[in-house]
Q: 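Sending over a structure as structure tokens; questions will come in a sec.
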Amino acid sequence: RYTNLDPGKYQFQVIGSNNDDLWNEEGAKLDLLIDAPWWMTLWARALAIVLGLYAVYGFTNWRLRLNRREIAERRASEKRLSREIEERRAVESKLFHIAYHDALTGLPNRLWLLERLDEQIERGRAEKGYMFALMFIDGDRFKQINDTHGHQLGDLILDAAARGLH
């Protein structure tokens, strides 16, 4: 192997003489063909380019699939979070209603009334000329209805009165 020579055709020519200093002018010729190493051939370079392009395509395709999977997971996570948020809002709304409304009549309770009164009093202090009114309704002798006819009838009467006020 002639590793220091570039690939190609060469001719080795030898001219010799004998002990009498008589030279052979024609000499001897030897044709040589040096092939390129396999990695320098056209087909090897083409194969390297194809493999490189395939590697880029494979990497790009892998990243694309990975990104699509991440997007799908994020969307599923967002849907779960949305459902959880909606459930929490529904529970908070239910808890608010339970905390501020009477269970039997559904009308606002004393806690709701006290908070609204505090808000109105503060607004009256803050805004000059702001006025508000409070109307108080009381059911006289309602204890007698419960004691005489039972709590079931008393609850029905309270419910009917509440629907009338709504």
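Each residue takes its place number in the sequence, starting with 1.
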Q: Where is the tightest heavy-atom contact between Leu104 and Asp159, given as atom of each residue plus distance?
A: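 What the structure gives for the nearest pair is O-OD1, 3.8 Å.
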Q: Does any non-hydrogen side-chain atom of Leu30 lie less than 4.5 Å from one of Tyr10?
A: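 In short, these two side chains do not touch, never coming nearer than 4.5 Å.
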Q: For the atom pair CG (Leu32) and CD1 (Ile34), what is the distance rounded to the nearest 0.5 Å?
A: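 Going from CG on Leu32 over to CD1 on Ile34, the span is 6.5 Å.
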Q: Side-chain heavy atoms nearer than 4.5 Å, only ILVMFWY residues, links allowed to pass through others: does that put Met40 and Leu47 together?
A: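 No, because Met40 and Leu47 fall into different hydrophobic clusters, even though each may have its own neighbours under 4.5 Å.
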Q: Would the number of heavy atoms belonging to other residues, nucleotides or ligands and lying under 6.0 Å from CG of Leu64 be above 12?
A: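 For Leu64, atom CG is crowded (more than 12 foreign heavy atoms under 6.0 Å).
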Q: Just verifying a value: how many Å separate Asn18 CG and Asn24 CG, rounded to the nearest 0.5 Å?
A: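 It is 9.5 Å, given to the nearest 0.5 Å.
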Q: Decide yes or no for Leu153 and Asn146: does some side-chain heavy atom of the first lie under 4.5 Å from some side-chain heavy atom of the second?
A: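 Of all side-chain heavy-atom pairs linking Asn146 with Leu153, none is under 4.5 Å.
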Q: Below 4.5 Å, heavy atoms only, C-beta onward: do Tyr100 and Pro108 meet side chain to side chain?
A: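 SC-SC contact between Tyr100 and Pro108 ruled out.
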Q: Quick one, Val14 and Phe12 - any side-chain contact, counting heavy atoms below 4.5 Å?
A: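 Yes; the side chains approach each other to less than 4.5 Å.
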Q: Would you say that more than 12 heavy atoms from the other residues, nucleotides or ligands in this model lie under 6.0 Å from the OH of Tyr130, or not?
A: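 Check passes, neighbour count above 12.
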Q: Out of curiosity, Leu66 CG to Asn61 CG, how far, rounded to the nearest 0.5 Å?
A: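 Separation between the atoms: 11.5 Å.
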Q: Determine the minimum heavy-atom distance between Trp39 and Arg45, stating which atoms define it.
A: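 Closest pair (atom of Trp39, atom of Arg45, distance): O-CG, 4.3 Å.
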Q: Once rounded to the nearest 0.5 Å, what's the spacing between atom CD of Gln120 and atom CG of Leu134?
A: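 It is 10.5 Å, given to the nearest 0.5 Å.
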Q: At their closest point, which heavy atom of Gln13 faces which heavy atom of Glu26, and how far apart are they?
A: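 Shortest heavy-atom separation between Gln13 and Glu26 comes out as NE2-O, 4.0 Å.
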Q: How long is the straight-line distance from OG1 of Thr60 back to CG of Leu53, given to the nearest 0.5 Å?
A: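 Result: 10.5 Å between the selected atoms.
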Q: For atom CD of Gln11, is the number of surrounding heavy atoms from other residues, nucleotides or ligands below 6.0 Å larger than 12?
A: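 Counting other residues, nucleotides and ligands, CD of Gln11 exceeds 12 neighbours.
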Q: Return the CG to CD1 distance between Asn109 and Ile98, rounded to the nearest 0.5 Å.
A: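 Interatomic distance, Asn109 CG to Ile98 CD1, rounded to 0.5 Å: 11.5 Å.
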Q: Treat each ILVMFWY residue as a node, draw an edge where side-chain heavy atoms are under 4.5 Å apart, and state whether Leu107 and Met135 are in one component.
A: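 Yes, it is one cluster - the side chains of Leu107 and Met135 are joined through contacts under 4.5 Å.
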Q: With no hydrogens and no angle check, is any side-chain donor or acceptor of His101 less than 3.5 Å from a backbone partner on His97?
A: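 Yes, because the side chain of His101 sits within donor-acceptor range (under 3.5 Å) of the backbone of His97.
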Q: Please name the pair of heavy atoms, one in Leu111 and one in Ala99, separated by the smallest distance, quoted to 0.1 Å.
A: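 Leu111 and Ala99 have their closest heavy atoms at CD2-O, 3.9 Å.
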Q: Does Glu73 offer a backbone N or O that forms a donor-acceptor pair with the side chain of Ser77 under 3.5 Å?
A: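 Not a single qualifying donor-acceptor pair exists.
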Q: Taking the side chain as C-beta and beyond, is there a heavy-atom pair between Ile85 and Arg88 under 4.5 Å?
A: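 No, every pair of side-chain atoms sits at 4.5 Å or beyond.
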Q: Would you say the side-chain atoms of Arg116 pair up with the backbone N or O of Trp112, donor to acceptor, closer than 3.5 Å?
A: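 Side chain of Arg116 to backbone of Trp112, a donor-acceptor pair under 3.5 Å: yes, one is there.
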Q: Is the shortest side-chain heavy-atom distance between Glu122 and Asp118 below 4.5 Å?
A: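 Of all side-chain heavy-atom pairs linking Asp118 with Glu122, none is under 4.5 Å.
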Q: What verdict does the salt bridge (Lys or Arg N to Asp or Glu O under 4.0 Å) test give for Arg89 and Glu92, after you've listed the backbone C-alpha separation in whole Å, the side-chain angles of each residue and the deciding distance to 0.1 Å?
A: CA-CA 5 Å; Arg89 285 182 181 160; Glu92 286 175 4; over 6 Å; no
Q: Nearest heavy-atom pair of Trp38 and Ala44: which atoms, and what distance?
A: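 Heavy atoms of Trp38 and Ala44 come nearest at O-CB, 3.0 Å.
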Q: Between Tyr57 and Tyr54, how do the two ring planes meet: parallel, tilted or perpendicular, split at 30° and 60°?
A: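 Tilted, since the angle between the ring planes falls between 30° and 60°.
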Q: Report yes if some heavy atom in the side chain of Ile145 is under 4.5 Å from a heavy atom in the side chain of Phe142; otherwise report no.
A: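 In short, these two side chains touch, coming nearer than 4.5 Å.
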